[in-house]
There are 2 protein chains.
Amino acid sequence: MLHIVPDIDTSETLTERQKAVLDAALRLLVEEGDQLTMTAVARRASCSKETLYKWFGDRDGLLTATVQWQASKVRVAPVDAKGLDLASLTVSLERFASDWLKVISSDTSIALNRVAVGHAGSGKDNLGAVVLENGRFALAKRLKPVLEAGRQAGLLDFADAETAFRSFFGLVARDVQIRLLLGDRLELTEATIGGDAVRATQQFLALFGAKTGPQGL
Amino acid sequence: MLHIVPDIDTSETLTERQKAVLDAALRLLVEEGDQLTMTAVARRASCSKETLYKWFGDRDGLLTATVQWQASKVRVAPVDAKGLDLASLTVSLERFASDWLKVISSDTSIALNRVAVGHAGSGKDNLGAVVLENGRFALAKRLKPVLEAGRQAGLLDFADAETAFRSFFGLVARDVQIRLLLGDRLELTEATIGGDAVRATQQFLALFGAKTGPQGL
DNA sequence: GGCGAGCCGTACCGTACGTTACGGTTCGCC
DNA sequence: GGCGAACCGTAACGTACGGTACGGCTCGCC
């Protein structure tokens with residue numbers, strides 16, 4: 001269940017220069033994937049390898065720092081769940097769905113997930129845990145309060161928020177992430193994503209919407 | 001969309017000895033992931049490296065052959081869609097869901113997908129395409145006729161079989177595959193899988209079941 | 001029985017890359 | 001202006017591993 005991720009807020013302890021180096025590493029990671037070399041990172045970041053090793057220990061350390069650095073940039077403001085009605089709940093859910101689809105279809109996310117998946121195979125480090133914690137689990141942590149609020153407002157009906165969330169997750173993501181990770185050229189335009197978000201939300205509401213008579217009374 | 005996979009039925013052109021070697025490679029792949037070495041494969045298979053190179057060309061060739069070999073073992077008999085009623089359709093869908101969950105949670109599938117994802121990053125070969133073709137796309141190819149038959153029989157209602165399939169896929173798989181690939185220790189017992197299959201099927205029927213009055217008339 | 005093909009085991013080669021070492025430069029600080 | 005810390009660029013080291021070469025063994029075949 002790996003909920004044990006060192007919750008160090010890296011964005012604080014990093015100098016500007018270090019952030020710049022990690023940004024370079026991140027760009028290289030997106031371009032080259034896991035076979036990026038320390039030399040290439042040093043060259044791209046215009047720094048010496050000695051510095052890389054002093055700051056990040058070794059290659060895995062650099063990779064981990066890069067992933068955490070990207071993760072720290074993604075933090076979004078939680079949606080407030082006040083004055084909830086069916087319309088605003090629907091909008092919220094569509095927002096979540098759309099945001100999530102944009103994330104998992106972004107080059108950065110794909111590259112990071114690829115590296116993390118590769119490393120999860122040879123349990124050297126916990127890159128997988130980091131990605132999971134800042135991806136799927138972070139999403140759940142932000143969405144569940146909305147679901148709970150929807151239930152409180154009598155709009156949703158479910159026994160377990162976790163289960164409801166996972167169904168929503170499935171309806172939104174479907175086969176998109178695995179196909180992208182495996183190299184399928186899936187065109188996700190702004191329009192496609194919007195449509196999918198609406199569809200997933202409607203399906204979720206059909207499954208978990210409260211049946212209090214013709215809704216609205 | 002990469003539907004272009006050399007559809008060579010490898011299981012025919014391989015000698016018994018070669019299959020044994022690939023089985024050894026497969027076992028090693030599950031244990032070691034992508035950082036398995038040619039020497040290790042040779043040792044495990046009790047063959048010489050020379051033989052590996054003669055048979056499979058290079059490392060990527062061996063990996064590809066291994067993945068295809070595993071894929072060729074998974075081919076299952078298509079479900080026949082005769083005399084369909086709601087009960088038998090439900091059973092079929094539950095079967096598919098349960099089988100799919102078993103596949104994606106198996107050590108073999110996880111290892112293979114990890115390797116394929118890693119290779120998709122550095123577009124050296126089409127391992128990702130092979131895995132996709134024998135996984136998600138093969139599933140669709142087997143399930144769609146069932147869905148179409150369900151529609152013919154007036155049990156299901158959908159405009160596009162592909163869309164319906166993808167929703168079913170999402171309801172079944174949810175976050176399971178990505179979590180497993182990222183190293184999450186997700187315990188999928190026989191009972192859990194059975195329950196999830198039933199739940200996913202019910203949800204799918206709720207979304208796509210034909211509303212011809214109280215069903216059964 | 002002799003022969004050649006195919007294969008095993010192992011030694012060997014070349015290289016790429018992680019890691020370290022070091023001389024030279026910048027820059028803050030006294 | 002002088003000192004030292006931090007850092008750049010590059011060269012050098014060590015090693016792991018992909019790929020090749022080769023000697024010896026087995027076995028089917030003439």
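Just so it is clear, the values below take in all heavy atoms, side chains as well, and ignore hydrogens, waters and symmetry mates. Reminder, nothing fancy here: chain letters follow the sequence lines and each chain counts from 1.
Checking D:dG9, C:dC8, C:dT20 against every side-chain atom of A:Tyr53, the shortest atom distance belongs to C:dT20. With D:dG18, D:dG9, C:dT19 as the choices, the nucleotide that has an atom nearest any side-chain atom of A:Ser46 turns out to be D:dG9. The side chain of A:Arg59 sits closest to C:dT19 out of D:dG9, C:dT19, C:dC7.
As a whole-Å value, the separation of A:Glu50 CD from C:dG23 C1' is 11 Å. Note: CD (A:Glu32) to P (C:dA16) measures 15 Å, nearest angstrom. Here D:dC17 presents its P atom at 16 Å from CG of B:Asp60, a figure rounded to the nearest Å.
Backbone-only engagement by B:Arg17 is indicated by non-hydrogen atom pairs under 4.0 Å involving sugar-phosphate atoms exclusively. At the heavy-atom level, B:Leu36 lies under 4.0 Å from the strands shown only through sugar-phosphate atoms.
Within 6.0 Å of CZ in A:Arg95 there are 12 or fewer heavy atoms belonging to other residues, nucleotides or ligands.
Within the 4.0 Å cut-off from OP1 or OP2 of C:dG18, at least one side-chain nitrogen or oxygen of A:Thr37 is found. Using a 4.0 Å cut-off, some side-chain N or O of A:Thr51 falls inside it from OP1 or OP2 of D:dC8. Between C:dC7 and B:Trp55, a contact under 4.0 Å exists linking OP1 or OP2 to a side-chain N or O.
Note on ring orientation: taking the six-membered ring where Trp is involved, the planes of B:Phe204 and B:Phe168 are perpendicular (angle over 60°, cut-offs 30° and 60°).
Under 3.5 Å, the side chains of A:Ser106 and A:Ser109 contain no donor-acceptor pair of N or O atoms.
The base of D:dG19 is paired with the side chain of B:Lys49 by a donor and an acceptor separated by under 3.5 Å.
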